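As a basis for the values below, the full set of heavy atoms in this structure was taken, side chains included, without hydrogen atoms, waters or symmetry mates. On a predicted model such as this, the values are computed, not experimentally measured, just so you know.
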Amino acid sequence: MEASERRVAVVGDDGRASTLRDAVEGAGADLTDLASASDAAEAPIVVALGDEAIRDAAVSAPDGTVIPVGDRRLAFDRDGAVAALRELLDAAAAGERVARVKHPVMAVTDGTAPPAKALFDVALVTSEPARISEFAVEFTERQTESVRADGVVVATPLGSDGYANAVGGPIVEPGGGFPVAPIAPFSTRTDTWVTPDRVRLTVEREGEPVAIVVDGERRSVVAPHRPVAIEPVDRVAFAAPVAARERADRKHSNNS
């Protein structure tokens, strides 16, 4: 590996950061200081600790590889991140325990502001809890569904084990599409979906204010009858345990 490719940044501030910085230096890599995770494009390998740092590193669309550290299904714990880092730096060991997978970053556009970017999920949700609105969910194949619910959430595979799964959406492996699920639907019998690409959500009822929430952060209020487009715009390389990559490969093979 060229010297320039051995530059590693550790972003995110928690108790694991010092251990991981020590591991970078112990592996003979060049520890690169960044002002913030949004500067991640400057380092070929970025170790990102916690959801906020993982998100900021990914939405900056780095050309290198992000090693996610956290509690999510496709993230590493501290020891796993150290092992992944060492393997990525050792070309001879590449692929033994760590794979590179591409995770999508979604753009969220309502036509009134510059697009926001999401790594985990996007939700349209009523501003007050337990206040139902009505939503149209339009898929790329021109299929449109209508749901009465507190909201609708769209997740990436990386975020599918979070909020979307908590409200009944499926967990999706990398490359498996984008789960879409209603939040607290009015009907006890309702569908969830997995879309391969773009989806548009529209608030169809006036009265109850509905907000756009991007990766857990409330952004703005959605105007009724104005579609919100959600679509993948970037794909960022992430380190993942080989077992996760093998699960995804088996799933796609079974579906072929």
Side-chain angles (χ1 to χ4, degrees), residues 51 54-55 58-59 61 72-74 101-127 129 132-187 190-205 208-236 238 248:
D51 278 1
I54 295 169
R55 178 195 176 279
V59 300
R72 290 185 179 268
R73 177 181 57 105
L74 296 176
V101 299
K102 291 281 191 176
H103 282 299
V105 174
M106 301 186 294
V108 186
T109 310
D110 68 356
T112 64
K117 286 189 175 182
L119 179 65
F120 300 117
D121 51 45
V122 179
L124 266 60
V125 62
T126 51
S127 297
I132 286 176
S133 189
E134 189 164 347
F135 303 87
V137 183
E138 180 183 346
F139 301 98
T140 51
E141 58 270 25
R142 299 301 181 187
Q143 171 193 357
T144 301
E145 303 285 347
S146 182
V147 295
R148 297 179 66 195
D150 284 7
V152 180
V153 58
V154 181
T156 65
L158 186 61
S160 65
D161 62 343
Y163 188 32
N165 183 243
V167 300
I171 291 177
V172 176
E173 297 295 343
F178 302 86
V180 183
I183 301 166
F186 178 73
S187 172
T190 189
D191 291 327
T192 61
W193 308 272
V194 177
T195 181
D197 205 334
R198 186 174 189 264
V199 63
R200 295 203 311 175
L201 306 179
T202 305
V203 179
E204 295 195 309
R205 178 190 292 182
E208 292 299 332
V210 174
I212 301 176
V213 181
V214 178
D215 285 341
E217 179 182 344
R218 176 176 166 144
R219 292 299 183 101
S220 61
V221 173
V222 184
H225 313 297
R226 182 185 293 275
V228 176
I230 303 166
E231 59 186 328
V233 290
D234 296 311
R235 293 190 180 272
V236 179
F238 273 68

Is the backbone N or O of [Y] less than 3.5 Å from a side-chain atom of [X], with the two atoms forming a donor-acceptor pair by type?
X      : Y      : result
Asp215 : Ala118 : no
Thr156 : Pro104 : no
Arg205 : Arg148 : no
Arg200 : Ala136 : no
Thr109 : Pro115 : no

Within the structure provided, determine whether [X] and [Y] are in side-chain contact (heavy-atom separation under 4.5 Å).
X      : Y      : answer
Glu138 : Thr144 : yes
Val199 : Val137 : yes
Val203 : Ser133 : yes
Lys117 : Asp234 : yes
Phe120 : Asp51  : yes

Residue pair [X] / [Y]: nearest heavy atoms and the distance that separates them:
X      : Y      : value
Asp121 : Gly159 : OD2-O, 4.4 Å
Thr140 : Arg198 : CG2-O, 3.1 Å
Ala123 : Tyr163 : CB-CE2, 4.4 Å

Determine the sole option in Thr192, Thr195, Val153 for which the side chain to side chain contact (heavy atoms under 4.5 Å, CB included) test with Val180 is passed.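 That would be Thr195.
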With a cut-off of 3.5 Å and sequence neighbours excluded, list every side-chain donor-acceptor pair involving residues 216-232.
none

Does a side-chain N-to-carboxylate-O contact under 4.0 Å join Arg73 and Glu173?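 Salt bridge flag = yes for Glu173 with Arg73.
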